[in-house]
Amino acid sequence: MTLQSVSLVIAGSGGAGVVTAGSLLLEAAANAGWYALMSRSSGPQIRGGEAAAMLRFATEPIMSHDDSYHLLMAIDWENITRFAAEIPLAADSLIVGDPAHGNAPAGLLSAKPRETGLPMSEIAGKIENGRPNMVALGAIAAMIGLPKEAMQTVVEKNLKRKGQGAIDASMEAFHAGVAAAADLPSIPKLPTASASAEERWSITGNEATGLGVIRGGVRFVAAYPITPATEILEWLAPSLAKVGGVLVQAEDELASINQIIGASYGGVPSMTATSGPGLSLMIESLGLAVAAEVPLVVVDVMRVGPSTGIATKSEQSDLNIAVYGLHGDAPHIVVAANSVSDCLFTTQWAVHLAEAMQTPALVLTDQALGQSRAVIPRPAELAFIGQRETAKTAVEGERYKRYAVTASGVSPMAIPGTPGLTHTADGLEHNEFGTPSSQSSDHQAQMEKRLRKITQFNYGDHWAEITDSDNGPGDIAIITWGSSTGPAREALQRFSDSGGRARLISVRLIAPVQPEKMAAALEGISRAMVVEQSHSGQFYRMLRAFYDLPKETLAMHQAGPLGFGPARILEQLNSWSA
Amino acid sequence: MTLQSVSLVIAGSGGAGVVTAGSLLLEAAANAGWYALMSRSSGPQIRGGEAAAMLRFATEPIMSHDDSYHLLMAIDWENITRFAAEIPLAADSLIVGDPAHGNAPAGLLSAKPRETGLPMSEIAGKIENGRPNMVALGAIAAMIGLPKEAMQTVVEKNLKRKGQGAIDASMEAFHAGVAAAADLPSIPKLPTASASAEERWSITGNEATGLGVIRGGVRFVAAYPITPATEILEWLAPSLAKVGGVLVQAEDELASINQIIGASYGGVPSMTATSGPGLSLMIESLGLAVAAEVPLVVVDVMRVGPSTGIATKSEQSDLNIAVYGLHGDAPHIVVAANSVSDCLFTTQWAVHLAEAMQTPALVLTDQALGQSRAVIPRPAELAFIGQRETAKTAVEGERYKRYAVTASGVSPMAIPGTPGLTHTADGLEHNEFGTPSSQSSDHQAQMEKRLRKITQFNYGDHWAEITDSDNGPGDIAIITWGSSTGPAREALQRFSDSGGRARLISVRLIAPVQPEKMAAALEGISRAMVVEQSHSGQFYRMLRAFYDLPKETLAMHQAGPLGFGPARILEQLNSWSA
Amino acid sequence: MEAVARKFKPKDFKSELKPIWCPGCGDYTVLNALTRALAELELPPEEVAVVSGIGCSSRIPAYTSVYGFHGVHGRALPVATGLKLARPELTVLVTGGDGDGFSIGGNHFLHACRRNVDITYIVMDNQVYGMTKGQASPTTAPDWEGSKLTPEGTGINPFQPLVVGLASGANFIARVSSSDPVNMAQIIVEAIRHPGFSLVQVLSPCVTFRPEQAEWRDIVRTAVVDFTGDAARAARRLMTDDGFNVGKVLYKGERPPFRPEHEPTDGSIAELEARFAL
Amino acid sequence: MEAVARKFKPKDFKSELKPIWCPGCGDYTVLNALTRALAELELPPEEVAVVSGIGCSSRIPAYTSVYGFHGVHGRALPVATGLKLARPELTVLVTGGDGDGFSIGGNHFLHACRRNVDITYIVMDNQVYGMTKGQASPTTAPDWEGSKLTPEGTGINPFQPLVVGLASGANFIARVSSSDPVNMAQIIVEAIRHPGFSLVQVLSPCVTFRPEQAEWRDIVRTAVVDFTGDAARAARRLMTDDGFNVGKVLYKGERPPFRPEHEPTDGSIAELEARFAL
Ligand SMILES: Cc1ncc(C[n+]2csc(CCOP(=O)(O)OP(=O)(O)O)c2C)c(N)n1
Ligand SMILES: Cc1ncc(C[n+]2csc(CCOP(=O)(O)OP(=O)(O)O)c2C)c(N)n1
Ligand code: SF4
Ligand code: SF4
Ligand SMILES: [Mg+2]
Ligand SMILES: [Mg+2]
């Protein structure tokens, strides 16, 4: 059944506290039993400056933003057109502005949305310590059907430190907003949530990533701050300390990747998190981890590239560097999270994969997942605990072979401290003992072993999430990955609701490729569209390189921070089934 | 007509001076009017240790080594089996060893070559200051038909500093070797060269690369030493000084790439040279050069990877990092040299391309090209002189747009010092002025402009070298690149000689891809083989991603330092035409 | 066109762009002092280049009217080195932060001091990563608990930029405070005039993530002694000072700047090629 | 099994591998001194790890019988840092060359000194890049013309590893000569025993590319004064010495090593998760 949801944006310049307002609203909605998704966008200023909180609420789990917003609540208009492209409005959208700040700028009006005014600052001005953003929240709550008590609880909790006076002032402004909403045009209202037994969490993608790391068994993290990955580290630092782990802030990314190589060589599962520019600096040492067979996890929270690009906006354009970026032939693992909650699953799985195969596993998430907060069903417990095959006892008279050529390709690893198994791990090509060798036979044998261990591994069904429309797969496939999955999933649902048949394949295991599994998934499919958020269609090109795609395959790609919403994907589905 | 050539190896432990002996032989052969190719292989020791010089001589230009060697002249056997795989021998090959060092090790004998002895040390011992390697050279000269006078000239020239005594001792040993050869079994002899008017050069691939850089107009080089690229820099340092340029040894590769970015921003065409590990460290700043639109040339002399790999051996496995290694969508140029002499052409062309399009151009060569010396026809003069479109005068009342969105995608660049056109070049996404912008419209416009400038450029016919067999192309294609081209070219010639028909496509412009030109080149082709020296078939995968290949396409790839010799390629051609 | 000596005002060195900085950020003063210094030096804007990496402080180039290069995090010094060596007639400055310069950029800092190319490096030291919203930098005190990444403080000795700069061979060293823009401009003028690598540390408060640095304007004091040319003596002084002696040049060396010769010589490409001919 | 105190001989710390070094290379002596020191410390081989980067000198790990890690060029110190922080009970050493440590690895050198993790760093300084066949390193004299890359010399001030190490916070500093392996072993023992980051510079000649360094054995002299714990005083001394005072500890600091707490605490993952639950 089609998702019944309401989408709105709160925007304004820094001091207006739009992000705080958005967070309060999300928390209140969560308390009211709804599901929610909140993303943020902000201007270049470090503090203050314009910002927007984009929210969507529903009584069921939410995978994606909608194609347009029902409501834009603008506390003021400052630089708001900078976000215009990221806030699609439709003819039935409603813009609510404060008349004290004048009219909505033309840049917002191309779709001819409805417009009205709400004197937020004037209303707030009448209340001691009243703030316009609380008035806005009151109006929004009334318009979307959010119970007032839900907000009361949240405000009490969040303003406790500031005292009862602050709480009362906020709630007074809130109620004034509720009252004022009576005169405003209407937007869709959500039903109150049916009390469900299902436990729900409120979590960001970056927090989920951090939790996945700890769940998987990581106890050493070294990293260098970078937007939009820093929150992973900020969550991890105190959390690791609680479970006996350590986080070190390194001098740069070259240091952080090498510190985790050292820690992991020491037997402690390790990871780092970064974004494109930092990943670039880690490339040489990722190759070292491949050659010396040191397990580790590197999370790349992608942002707009190339170069420093746009640090605060999302793009799926680090696929190439993640898959192909290393010099030489350096087989390794690349996995990608396809939703806020999947950040937890995929990262935890990555720790498991890295440890099991003694190789680096790169996890791709992006700003849109990492910095979004979602109210989600409680994630399942997972069995993926990093477990490394170790060598524990020396065999009398036999020199330990760190890089023994085994059938699985995995060579039991001796951890420093183990008597009788001392050896030197090496990034130079080596023989089975680890001694540097320039003989082609050693190179060949080690290359094959390193490839074998990751191609023969049993990845189970996790390589992709495959979803069929309610009436079965039909002959159309959407192939996608990462944060493009949400809109694709919603498009599929809508298509299904109108009787369409299609299959969604969201690839989680980007590398190594799984041609047999993909062939099975594409069985009976005659047309496919590949959906991604990159200017050059990196994912499409990679699919072409390694898979046999249906003859009629359409590449749908576009640079971030924009992407394909459900409607554009649905449109293509409809045109094919017309 | 099939190339008439003789191939031989001189091997021995360090003190034996095999590389010196090989060089003298090459020089003498060159003096005698022959063409020649010499590669080297050596053990892990820094000084001394085992080494082998692999040589091939012919009366016509040589593109490749042969499939096996007619002669292995072993001054001693020390660790020689380390090279065994790199010295293919056949049943009619001849191994000549010094009985004083015992018999040839079994590892050399799998093809059951002929064996004989030559008491080099004993013969040399009878001559005051006589050395076994000169005895070996005498025997070789006699066996392959090299005129004695040719060696006399060379020895005189090379030992002049050491005085007449040294010259005489060497020549006496040489003549003793000549005399002793009378008792040895025979190997093919080359005819004396017909005096040709054609001017010839003796040059290594690394020297040719250096010359290409200077010819193209580069006058600033910053670099960090790394095998096997260092000789480019060693040649460039004094040579640049002669033409008013500068070479700076930087503290690391991060510094070298950024120094050349600075120099090129200053208007001076700039380059650096490195190998895989160094290229990895340059990745982030290559992205900067793409985004800030700074022209520069980076030469990667590829060696065996991953990681530190094998520094002294060749592999074509940095294709992936060169093409796809940058984070974000970062269109740039990748070209590859296909022979020792083509190192000159391709590098000079790269300077031209980088300057014309204001973007980084990566040049891929490899150890096999870079550290091989060849006697070649004098390379042609080329018209490729780096020429940058510059902005020279301010337009009254108009602010200069460094990143103006133009039809060609190239924006005239103001060089510091130009009045009225000051601006800030930026690696952040920016608008036309260069001001950082996080708006999707600016991102989109700049992404398209940066892509357009390299896709719309007219690369002429240089994108690939296409060679047909004497009777036309037939319906079979060999698609290859870089140093795999030589063997492929020789295979095609042999195939052609036996009446076969095929086409060789050696791709020089790796990126941006040229699908239309490739489609034209593949017109009428029904079967293709893709030949390369990488374990995973990087080139084949890239071709699949971007080109439509014939339905029957065979991927022939193997890790370095081995590769496909002419015979294995010919075998496949024959099997297809059978 | 007749060569007329152009006269410049500080505002001629400012661009129209509005800085993204927080109100009250120390970097505004540095921008002012810099433009003032350039005006005093009477340098035509097109003959000056300002190079930077990434950080709040690294945004300066675009706020000036000279040639600017805003590169990647930590790599401003090599960019400036290449630019100056290729174009020795330009006046080349580098501006940036303590994170950019001493954390990720530390190696280039060492080697820039050592190489002694004639450039001037102005570091806005706020003992924090402003741009990424408040993490400890190398110069942060070990007990600062303001970052979630190091909630119990870093526990690490702060980096001493001037001592390390001196030990590595910087040819001119000064410390100034953003609370005294006039003095800062004066010192920048001296730094630019002095041949070789000049290092100017600016105490430039981050009002947002280190609000306590507002006190700096009261803590700083003008250094009592004048500069020395004796590195060992300067080292002793710098190793014992508390980081708040400002307003004066602390060391001036006499090493000639690194400047490889590259006047066009007689040599031609044909001569180079001739050596390959048989 | 009964716990028996194991006794070790230097040769117990040697592997069977034959070094790739040139005959006469100073690094042989360093290997000997190192194994002698480990024997004297009575450390079981499995509780010691030697980490290195790339270079002739960086080949040492495989020639010992302890745990070894031979990483990439310039990154040995961060590898060792991660290893020691993750496994504090191991004795962690780093061995390498002047190029590996002070050129490409310079930033990690700075921050390792500053961070003061309890590891010992032995640098074989031969003032050249041996492995890549003879280019100038940061410690090379400016007028050395032996490399084709810098045919007229580098023209650059040599890097002063001990001065910079001190300025950055190294907690133990010594210089030794490979001509005196017994003394070297003794100093290595002291360095390992001293808590925090210990820096030992070894004058280790490269007989192949710097044959003139054979003279070092005659030039070096035992430092006259004993070590000081006063950094400013040590700085003054080091800045005025000529680099040939060897055989003694030059500085010993008292800073406690950096060692973040990470004993398993009461916390459980369930507690972390509970904070997300609504
Ligand atoms: C390779 C890389 N790593 C990390 C970052 C993220 N980053 C941007 S600025 C910055 C630190 C800025 O601190 P500082 O140089 O002190 O400047 P400030 O903002 O304090 O003026 C960091 C870590 C980046 N842009 N690139
Ligand atoms: C990233 C990278 N750049 C360059 C090299 C080439 N390289 C290997 S060792 C070395 C220098 C070694 O000098 P040093 O550390 O002094 O050791 P030594 O050989 O003198 O003992 C260089 C430049 C490399 N391996 N990796
Ligand atoms: S965050 Fe700090 S350094 Fe950055 S602009 Fe604001 S006050 Fe200045
Ligand atoms: S090249 Fe020099 S440093 Fe390397 S092994 Fe030989 S003597 Fe030792
Ligand atoms: Mg700062
Ligand atoms: Mg060295």
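Below, chains carry the letters A, B, ... as their sequence lines are ordered, and counting in each starts from 1.
Counting heavy-atom pairs closer than 4.5 Å to chain B, the top-ranked of the candidates S280(A), S534(A), P44(A), G278(A) is S280(A). Per-residue counts of heavy-atom pairs under 4.5 Å with chain A were compared for G305(B), G309(B), P436(B), A330(B); the largest is that of G309(B). If you tally non-hydrogen atom pairs under 4.5 Å between each of G325(A), A289(A), P277(A) and chain B, the highest count goes to P277(A). Counting heavy-atom pairs closer than 4.5 Å to chain A, the top-ranked of the candidates H535(B), Q439(B), Q538(B), E429(B) is H535(B). Heavy-atom pairs under 4.5 Å with chain B were tallied for R303(A), H327(A), Q558(A), R82(A); the largest tally goes to H327(A). Counting heavy-atom pairs closer than 4.5 Å to chain A, the top residue among A559(B), A311(B), P561(B), S440(B) is S440(B). With chain A as partner, the option from G43(B), A85(B), G287(B) having the largest number of non-hydrogen pairs under 4.5 angstrom is G287(B). For chain A, the option among V290(B), T308(B), D329(B) with the highest count of heavy-atom pairs below 4.5 Å is D329(B). Comparing D318(A), L319(A), V323(A) by how many heavy-atom pairs each has under 4.5 Å with chain B, the most go to D318(A). When each of S438(B), A291(B), G560(B) is checked for heavy-atom pairs under 4.5 Å with chain A, S438(B) comes out on top.
Looking at L286(B), there are no atoms closer than 4.5 Å to chain A (heavy atoms on both sides), in backbone or side chain. Of the atoms belonging to L451(B), it is side-chain heavy atoms, and not backbone ones, that fall under 4.5 Å from chain A. Contacts of R450(B) with chain A are made by side-chain atoms alone, with heavy-atom separations under 4.5 Å and no backbone atom involved. For L279(A), no part lies near chain B; criterion is any non-hydrogen pair under 4.5 Å. Only the side chain of V304(B) comes within contact range of chain A, with heavy atoms under 4.5 Å apart. Heavy atoms closer than 4.5 Å to chain A are found nowhere in N79(B), neither backbone nor side chain.
Remark: the S317(A) side chain and the E315(A) side chain contain an N/O donor-acceptor pair separated by less than 3.5 Å. Looking only at atom types and distance, the side chain of S437(B) has no donor-acceptor partner in the side chain of N431(B) under 3.5 Å away. Q316(B) and S484(B) are linked by a side-chain donor-acceptor pair at a separation below 3.5 angstrom, with hydrogens and angles left out of the test. Side-chain contact, S41(B) with K313(B): a donor N or O sits under 3.5 Å from an acceptor N or O. There is no side-chain donor-acceptor pair under 3.5 Å between S536(B) and H557(B).
For an aromatic pair to be called close, the ring centres must be under 6.0 Å apart, and Y403(A) with H430(A) satisfies this.
To the nearest 0.5 angstrom, M302(B) atom CE is 7.0 Å from T365(B) atom OG1. The structure places OH of Y324(A) at 14.0 Å from CD1 of I321(B), a figure rounded to the nearest 0.5 Å. Note: M357(B) CE to R452(B) CZ = 14.0 Å, rounded to the nearest 0.5 Å. Note that CD1 of I479(B) and CG of L549(B) are 5.5 Å apart. Values are rounded to the nearest 0.5 Å. Here the OH atom belonging to Y547(B) is positioned 6.0 Å from the CD atom belonging to Q514(B), to the nearest 0.5 angstrom. The OG atom of S285(B) sits 6.5 Å away from atom CG of L254(B), with the distance rounded to the nearest 0.5 Å.
Checked against ring-ring contact (aromatic ring centres under 6.0 Å, His included), Y224(B) has the following partners two or more places apart in sequence or in another chain: H73(D), Y129(D).
Between the side chain of R541(A) and the backbone N or O of A545(B), at least one donor-acceptor pair lies under 3.5 Å.
Scanning residues 441-448 of chain B against chain A with a 4.5 Å heavy-atom cutoff picks out H443(B), Q444(B), M447(B), E448(B), ordered by number.
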